[in-house]
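Only one structure is covered here, and it is reproduced in the block below.
Predicted, not measured: the structure shown is a model, and the values here were computed from it. Numbered from 1 within each chain, the chains take letters A, B, ... in sequence-line order.
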Amino acid sequence: MTEQETRTAGYDVAAVQEKWRRVWDELNPFQAADDGSRERRYALTMFPYPSGDLHMGHAEVMALHDVIARYWWQRGYDVLNPIGWDSFGLPAENAAIRRDENPATYTYANIETQAESFRCYAVSFDWSRRLHTSDPEYYRWTQWLFLRFRERGLAYRRFSPVNWCPNDQTVLANEQVVQGMCERCGAEVTKRELSQWYFKVTDYAQRLLDDMGALESTWPERVLAMQRNWIGRSEGAHVDFVVDASTGSGQGTRKVTVFTTRPDTLFGATFFVVAADARLADELCAPEQRAAFDAYLAEVRKASDIDRLSTERPKTGVFLGRYVTNPVNGERIPVWAADYVLADYGTGAIMAVPGQDQRDWDFAERFDLPIVRTVRPPEGWEGKAYVGEGPAVNSANDAVSLDGLDVDEAKRVIMDYLERQGTGTRAVNFRLRDWLLSRQRYWGCPIPIVHCPGCGEVPVPDDQLPVELPDLRGADLKPKGTSPLAAAEEWVNVACPSCGGPAKRDSDTMDTFVDSSWYFLRYCSPDYEDGPFDEERVRDWMPAEQYVGGVEHAILHLLYSRFFTKVLHDMGMVDFVEPFTALLNQGQVINQGKGMSKSLGNGVDLGEMIDRYGVDAIRLTMVFAGPPEDDIDWADLSPGGALRFLQRAWRLSGDVTSPPGTSPGASEGAREGAGDVALRKVTHKTLHEVEQLIESHRFNVVVARTMELVNATRKAVDTGCGPGDPAVREAAETVAILLSLVAPYLAEEMWARLGHEPTVARVGWPAVDPTLLVEDSVTAVVQVQGKLRAKLQVGPDVSEADLQAAAMADPHVQRALAGSTVRRVIVRAPKLVNIVTG
RNA sequence: GCGCCCGUAGCCCAAUAGGCAGAGGCACAGGAUUUAGGUUCCUGCCAGUGUGAGUUCGAGUCUCACCGGGCGCACCA
């Protein structure tokens, strides 16, 4: 092959990948030293779920994440970049039922496939720390944490209505119900009454909210907004209403409490509504209304959440035959049950103020209930309920008057009054509910509790952990509405750890989000046997400096992980309260404007793409596509173009004729002041800019700058200083280092052709020579009335006076100024002069 | 309904602290190289920044309204 042919043929992508993988396996360049010799940085990416092989989404997130991790390595940090698998979960279980095997078979086979793909994809993971949440060595500690949470009163069991997915045959957390549907399978979620385990995340609602302040500039605004929304803090009051004794059960007075954000409207509360499906409704129902109530409740139960969520639906309800007394005006107001009031928000009961709330207005209209306005609507108000600002009206009794006060004042006055009277208190309410963690499925972490007829709930002693899953397979795993574990007689029947008598294990497993709420801590000491993690190692590495992953976890995984971290902080196990200092949400990879899906037939196979273009070109395509947080449409991209660019870069490494070590940047053997200055300036400017671009996550621009450097070097070789100039070597070596962040195989190949030993990934970031960043001259723009009239070449440190003088003297400017008087001159040396005429 | 984000060439995207709208790429066209295709090299092509106002010496960038697109929440009292 002649040299000409070599140049045009390009490099053999597959052979290069094969070659360097072996070398890297040998060198193991990305294992964290973890010895304190260098500053530590923790680069974390959301660990994958092992379903099938990697797809385009993985390719994108890993390409982006790896730019950061590899950059940190080059900058000389000790980087922790671990990988593991979130390996419990339903898909493996469903596959096992179909294949008549244990879910572990499918799970661990997929993990091997994905691990192999990650290696091929050349992500700079530290493979020595690999973990799987379904390993007993891991879930032992998930169980241990559960028991510690329980000891602190943060894990408890409660019998109450829960979300039930009829398809997956298990309960779901609120966070897993999206628009009334199961987040996983899309089935309509129904309600069931079950005894289930919960984490008391509500105890941390305020702190989850408050600590977001520290994340303000480093987390995406929308994720913070979503979490705030989800936590849903509202300030208001609890107000007590006394149940009318004349119709009551006779013994003493009973109070019912409501939560309201508008205590100022209390004088307008003309009726009272209890959530139909709340126990309170049942308790308050008078005997003569029992039949009507039961019939109504049956109707409500039939309606799905989807129907209930529709605000268009006419209001329904039933009178309970009971009255309560409005604490401020002594009015007896009727108690209704309705489904527009939610059983699990606030107290499950509201004071209805139709004058100031549209829902209450609709209900009042429907059932002909009285309406009293307590805020005067503006002149010409045509609407119904008025929720805006205005003076209070109709709001006075013998002891207190709100009339004339604005909403905030009225709230303050009425609350002072209620608190004096002992009929109400200021209160904060959250939308956030406790996290339901039980699941009636097999392939999850067993709950380490034994139910004993004598002793009740008994925790499995720490030294008996883990409670391992029994080996069930195939039909034994079929969902039956109770956990498959309940039917595993040998497993479920145990001696009570407390009294030794016959008892049964808790047969539910934990939500897989429990597993993933602490995995990032385990990475710091994955083989630690005296606890979930080595606290010292965690102090060294955590919080994770950069977390990269999809926005789909904005309020699931991320909220739960924040909660876990705060609990561990309170337990004294970690010294920080937020686990992830910065968060980057990559966009989705779509195709032709739509998400890839089997039904649309627009899926793109990652393996095929890699076969065709190679790993480097795919990674480069992902990184170059656009800002990392934007969706990228595969149809808009050109992996072929990426490959062509890589070949251009590669050819540079073959063109360099100077020997290794002669780059002007190299400290030894380099001659001071050698090398084409123009090219050196491009090289150093590129390096300098790239540093800033990576810090601000503008990776697409990093690629663009690298392309410019390649173009400039090409020009220097062909028509400039020639291939032997030291500046050309410096430029080519810089290109290799820049590309080591994105295209590791090609970069390594270039590095070798430039006469160096592997690995380019760890050679270190070149020092930028500040003298090369200074321009000899800059272009100053001269505007007259904002219009461009002249361009001047001036020194970068030209004085304002000199620049102004030069501008005024320019013939083009003179012409533009002819006949007019200069009123003002704005000088922004060295870039601009703007002359304003009168 | 409430809240947030985004509109720059045919397409994807750049443009510190408001200061020459175009860095990079895709596509397309022409030329050179090539037996041809492909490759490679060179050249060209195209917008005045969704619309309208405002602030300013100066606005893609700041403010307001509207149009268009996307996302989140939504009977949460």
Side-chain angles (χ1 to χ4, degrees), chain A residues 4-5 7-10 179 220-230 232-234 236 258-262 265 269 273 275 308-313 315 338-342 344-353 356-360 362-363 387 429-433 551 554-555 620-621 624-627 629-633 635-642 644-645 647-648 651 689 692-693 696 698 700-711 714-715 718-719 779-791 823-828 831-837:
Chain A
Q4 186 64 28
E5 280 170 321
R7 275 188 55 175
T8 54
Q179 316 255 301
E221 184 48 47
R222 68 171 167 160
V223 171
L224 297 176
M226 281 163 78
Q227 291 212 3
R228 279 198 192 95
N229 227 321
W230 188 260
R233 182 184 199 271
S234 31
V258 299
F259 175 75
T260 177
T261 55
R262 293 295 302 274
T265 64
V273 189
R308 274 190 66 148
L309 287 172
S310 166
T311 39
E312 306 301 305
R313 205 170 50 110
K315 293 279 179 288
D339 68 353
Y340 82 94
V341 173
L342 306 174
D344 52 1
Y345 182 77
T347 62
I350 62 155
M351 63 178 214
V353 186
Q356 267 74 234
D357 186 291
Q358 188 57 43
R359 297 156 298 182
D360 297 344
D362 293 342
F363 195 82
V387 298
N429 198 59
F430 293 95
R431 208 186 78 107
L432 182 73
R433 318 288 157 80
V551 74
I555 45 178
L620 183 77
T621 303
F624 186 48
E629 52 280 327
D630 287 6
D631 284 352
I632 58 184
D633 193 330
D636 293 335
L637 306 178
S638 173
R644 280 201 299 277
F645 163 69
Q647 307 249 6
R648 273 164 61 81
R651 278 203 315 280
E689 259 186 274
Q692 295 166 342
L693 289 166
S696 49
R698 286 181 295 169
N700 54 326
V701 189
V702 170
V703 174
R705 294 289 171 266
T706 308
M707 288 171 166
E708 284 177 65
L709 179 56
V710 168
N711 291 344
R714 177 85 263 148
K715 204 160 265 172
D718 291 346
T719 58
T779 305
V781 177
V782 185
Q783 298 175 332
V784 178
Q785 296 291 77
K787 282 206 178 72
L788 178 68
R789 291 302 182 192
K791 292 182 182 185
R823 295 190 54 184
R824 205 172 147 191
V825 182
I826 289 111
V827 184
R828 292 283 177 274
K831 296 180 76 173
L832 174 126
V833 177
N834 190 11
I835 301 161
V836 186
T837 59

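Considering only side-chain N and O atoms, A/Arg431 lies nowhere under 4.0 angstrom from the phosphate OP1 or OP2 of B/rA77. At B/rA77, one or more side-chain N or O atoms of A/Tyr345 fall inside 4.0 Å of OP1 or OP2 (strictly under the cut-off). Side-chain nitrogen and oxygen atoms of A/Arg714 include none within less than 4.0 Å of the OP1 or OP2 phosphate oxygen of B/rU40. Look at A/Arg228 and you won't find any side-chain N or O under 4.0 angstrom from OP1 or OP2 of B/rC4. Within the structure, a side-chain polar atom (N or O) of A/Arg644 is placed less than 4.0 Å from OP1 or OP2 of B/rC26. Proximity of A/Asn700 to the phosphate of B/rA14: a side-chain N or O atom is located under 4.0 Å from OP1 or OP2. Residue A/Thr706 places none of its side-chain N or O atoms closer than 4.0 Å to OP1 or OP2 of B/rG24. A/Arg222 has no side-chain polar atom (N or O) that falls below the 4.0 Å cut-off from OP1 or OP2 of B/rG72.
Candidate nucleotides B/rA14, B/rA77, B/rC73 were compared by shortest atom distance to the side chain of A/Asn229, and B/rC73 ranks first. Each of B/rG24, B/rA77, B/rA15 was ranked by its minimum atom distance to the side chain of A/Ala704; first place goes to B/rG24. In this structure, the nucleotide among B/rC73, B/rA14, B/rG25 sitting nearest to the side chain of A/Asn711 is B/rG25. Ranking B/rC12, B/rG24, B/rA77 by closeness to the A/Leu342 side chain, first place goes to B/rA77. Looking at the side chain of A/Thr261, the nearest of the listed nucleotides B/rC41, B/rA77, B/rC75 is B/rA77. Comparing B/rC73, B/rA23, B/rG24 by their nearest atom to the side chain of A/Arg705 picks out B/rA23. Among the nucleotides B/rA14, B/rC57, B/rA23, the one closest to the side chain of A/Pro627 is B/rA14. Comparing B/rA23, B/rC75, B/rA77 by their closest approach to the side chain of A/Ser234 singles out B/rA77. Which of B/rC75, B/rC11, B/rA77 sits closest to the side chain of A/Asp636 comes down to B/rC11.
The partner of B/rG58 is absent, by the rule that a Watson-Crick or G-U pair needs both atom distances under 3.5 Å. Nucleotide B/rA9 is matched to nothing when pairs are restricted to Watson-Crick or G-U wobble geometry with both distances under 3.5 angstrom. In this structure, B/rA29 forms a base pair with B/rU43, meeting either the Watson-Crick or the G-U wobble geometry with both donor-acceptor distances under 3.5 Å. Of the nucleotides present, B/rU51 is the one that pairs with B/rA65 by Watson-Crick or G-U wobble criteria, both distances under 3.5 Å. Judged by Watson-Crick or G-U wobble contacts below 3.5 Å, the nucleotide B/rC73 has B/rG1 as its partner.
Mapping A/Gly348 and A/Leu693 onto RNA chain B by nearest heavy atom places A/Leu693 closer to the 5' end of the strand. The residue among A/Lys715 and A/Asp344 whose nearest nucleotide of RNA chain B is located toward the 5' end is A/Lys715.
Between B/rG7 and B/rA14, the two C1' atoms lie 16 Å apart (nearest whole Å). Going from the P atom of B/rC64 to that of B/rC12 covers 28 Å, rounded to whole Å. Taking atom C1' on both nucleotides, B/rA59 is separated from B/rC20 by 14 Å, rounded to a whole Å. Straight-line distance between the P atoms of B/rA74 and B/rC67: roughly 26 Å, to the nearest whole Å.
Within the 4.5 Å cutoff, no side-chain heavy atoms of A/Glu629 are placed close to those of A/Val551.
Using a 4.0 Å heavy-atom distance criterion, A/Ala635 is classed as making no nucleic acid contact. Using a 4.0 Å heavy-atom distance criterion, A/Arg233 is classed as making no nucleic acid contact. At the heavy-atom level, A/Phe624 lies under 4.0 Å from base atoms of the strands shown.
Annotated as syn: B/rG48, whose glycosidic dihedral is within 90° of 0.
Distance, A/Arg262 CZ to B/rA77 C1': 11 Å, rounded to whole Å. To the nearest angstrom, C1' of B/rG70 lies 14 Å from CG of A/Asp633. For the pair A/Glu221 CD and B/rG72 C1', the interatomic distance rounds to 12 Å; values are reported in whole Å. Remark: P of B/rA77 and CG of A/Asn429 are 8 Å apart, rounded to the nearest angstrom. To the nearest angstrom, P of B/rC6 lies 15 Å from CG of A/Asp631. Atom CD of A/Glu629 is separated from atom C1' of B/rC13 by 13 Å (rounded to the nearest Å). The interatomic distance linking A/Met707 (CE) with B/rC13 (P) rounds to 15 Å, in whole Å. Straight-line distance from the CD atom of A/Gln785 to the C1' atom of B/rC57: 8 Å, rounded to whole Å.
In this structure, A/Lys315 satisfies the cation-pi test against A/Tyr340, with its NZ or CZ atom closer than 6.0 Å to the six-membered ring centre and inside 45 degrees of the ring normal.
Residues forming a side chain to side chain donor-acceptor pair (under 3.5 Å) with A/Asp344 (at least two apart in sequence, or on another chain): A/Arg433. For A/Phe624, there are no ring-ring contact (aromatic ring centres under 6.0 Å, His included) partners at least two apart in sequence or on another chain. Judged as a side chain to side chain donor-acceptor pair (under 3.5 Å), and not counting sequence neighbours, the contacts of A/Thr779 are A/Gln793. Contacts of A/Gln783 classified as side chain to side chain donor-acceptor pair (under 3.5 Å), with partners at least two apart in sequence or in another chain: none. With sequence neighbours left out, A/Thr719 forms a side chain to side chain donor-acceptor pair (under 3.5 Å) with no residue at all.
Of all heavy-atom pairs spanning A/Asn834 and A/Gln785, the tightest one is OD1-N, 3.9 Å. Of all non-hydrogen atoms in A/Phe259 and A/Ser234, the two that sit nearest each other are CZ-O, 3.6 Å.
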Polar atoms only, N or O, under 3.5 Å: list the protein pairs with nucleotides 17-21 of chain B and their distances.
unit_1	atom_1	unit_2	atom_2	d
B/rG19	O6	A/Arg828	NE	3.3
B/rG19	N2	A/Gln783	OE1	3.3
B/rG19	N2	A/Asn834	ND2	3.2
B/rC20	O2	A/Lys791	NZ	2.4

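Partner of A/Leu224 under the side chain to side chain contact (heavy atoms under 4.5 Å, CB included) criterion, chosen from A/Arg222, A/Met226, A/Arg228: A/Arg228.
When atom types are taken as modelled, the side chain of A/Asp360 and the backbone of A/Val353 share a donor-acceptor pair closer than 3.5 angstrom.
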